[in-house]
Amino acid sequence: MEQNTPKFRLRLNLFDGIILIAALAVGAFLLWNAGKPQAASQDAPQSAPSTVQYTVRFQRWREGTGEMIQPDDQLIDNIKNFELGQVVSTETAPAEMTSLDHKNRIYRQAIVEGYEDILVTVQAPCAIVNGSIQVGGGFDLRVGTTVYIKGPGYMGSGPIVSIQREVAK
């Protein structure tokens, strides 16, 4: 007499199939990621040392307070303490804001009474790392980026409005 032992048969429902496919995908990704060669260090500059001059627009300061910013002031990033460079010059301009003209249904630039904007030109040594200009060992300069800066006796914020790089020879 023979024993009636059923053969092993794998029966998967939809949920088990999805879990099995996900586990195989994660395993394949981990194997692929482990086989890639390590990238070179991104901290090394990719170009010759140079200097950069950039302009920051400090917005809506009370009239007369722009005189606190003097040439040769050292500026520091207020968030991560990067050294951002040395003030070369300052220029004041009337503070402006965008307001809606309800009658004509358009936006207009309006002057804010009692306030001024200060255009601060800063000079700093820089390096080109992965296609971006970095000052202070890691702060990326980009036009339009808002920076938060502190100097001796003041703090301010505003967008970077221009960047000019000079290559050292």
Side-chain angles (χ1 to χ4, degrees), residues 26 29-30 32-34 36-169:
V26 168
F29 174 76
L30 290 175
W32 175 75
N33 205 19
K36 286 194 317 187
Q38 293 295 328
S41 174
Q42 296 182 2
D43 296 334
Q46 297 176 354
S47 67
S50 59
T51 59
V52 66
Q53 248 186 7
Y54 60 98
T55 304
V56 178
R57 184 179 197 104
F58 290 144
Q59 297 176 321
R60 295 190 190 128
W61 282 36
R62 291 221 178 257
E63 284 183 351
T65 55
E67 297 171 2
M68 291 190 302
I69 304 171
Q70 297 295 319
D72 297 330
D73 284 352
Q74 292 291 344
L75 299 181
I76 298 172
D77 176 51
N78 205 18
I79 297 172
K80 294 189 177 181
N81 291 327
F82 292 119
E83 292 184 13
L84 298 179
Q86 188 172 18
V87 175
V88 175
S89 66
T90 63
E91 178 185 334
T92 59
E96 294 182 348
M97 66 179 279
T98 304
S99 65
L100 177 62
D101 181 357
H102 291 282
K103 184 177 179 182
N104 298 322
R105 295 185 180 190
I106 58 172
Y107 285 97
R108 298 186 186 266
Q109 288 297 106
I111 293 177
V112 181
E113 296 295 326
Y115 292 91
E116 63 188 6
D117 288 353
I118 300 120
L119 295 163
V120 179
T121 303
V122 182
Q123 186 170 8
C126 71
I128 306 298
V129 178
N130 294 330
S132 66
I133 300 173
Q134 288 188 351
V135 296
F139 187 86
D140 287 339
L141 289 180
R142 290 192 179 107
V143 172
T145 302
T146 300
V147 292
Y148 301 92
I149 295 175
K150 61 183 170 183
Y154 57 88
M155 286 191 289
S157 66
I160 297 174
V161 294
S162 68
I163 299 173
Q164 187 173 10
R165 189 173 68 116
E166 302 164 359
V167 178
K169 294 181 181 182

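One-based numbering along the sequence shown.
- The 12-atom threshold is not exceeded at CD of E67, counting heavy atoms of other residues, nucleotides or ligands nearer than 6.0 Å.
- Contacts classified as ring pair (Phe, Tyr, Trp, His ring centres under 6.0 Å) and involving residues 116-157 (residues at least two apart or in different chains) are not found.
- Sorted by first and then second residue, the ring pair (Phe, Tyr, Trp, His ring centres under 6.0 Å) pairs with a member in residues 57-81 read F58-W61; sequence neighbours excluded.
- Shown here are the side-chain hydrogen bond (donor to acceptor under 3.5 Å, both in side chains) partners of E113, two or more places apart in sequence or in another chain: there are none.
- Every side chain to side chain contact (heavy atoms under 4.5 Å, CB included) that T92 has, sequence neighbours left out, goes to E116, I118.
- With sequence neighbours excluded, the residues that form a side chain to side chain contact (heavy atoms under 4.5 Å, CB included) with Q86 are D72, Q74.
- A heavy-atom distance below 4.5 Å is found between the side chains of L75 and V87.
- The salt bridge (charged side-chain N to carboxylate O under 4.0 Å, His left out) test applied to R108 returns D101, not counting sequence neighbours.
- Contacts of S132 classified as side chain to side chain contact (heavy atoms under 4.5 Å, CB included), with partners at least two apart in sequence or in another chain: Q134, D140, R142.
- Judged as a salt bridge (Lys or Arg N to Asp or Glu O under 4.0 Å), the pairs with a partner in residues 117-132 (not counting sequence neighbours) are, in order, R57-D117.
- Side-chain contact between K150 and N81 is present, with heavy atoms from C-beta onward closer than 4.5 Å.
- Distance CG/D73 to CD1/I149: 11.5 Å, rounded to 0.5 Å.
- Applying the side chain to side chain contact (heavy atoms under 4.5 Å, CB included) rule to L30 yields the partners V26; only residues at least two apart in sequence or on another chain are considered.
- Qualifying side-chain hydrogen bond (donor to acceptor under 3.5 Å, both in side chains) partners for S162, counting only residues two or more places apart in sequence or in other chains: T55.
- Using a 4.5 Å cut-off on side-chain heavy atoms (C-beta onward), R62 and Y115 make contact.
- The shortest distance between side-chain heavy atoms of T51 and R165 does not fall below 4.5 Å.
- Not counting sequence neighbours, E83 has no partner by the side-chain hydrogen bond (donor to acceptor under 3.5 Å, both in side chains) test.
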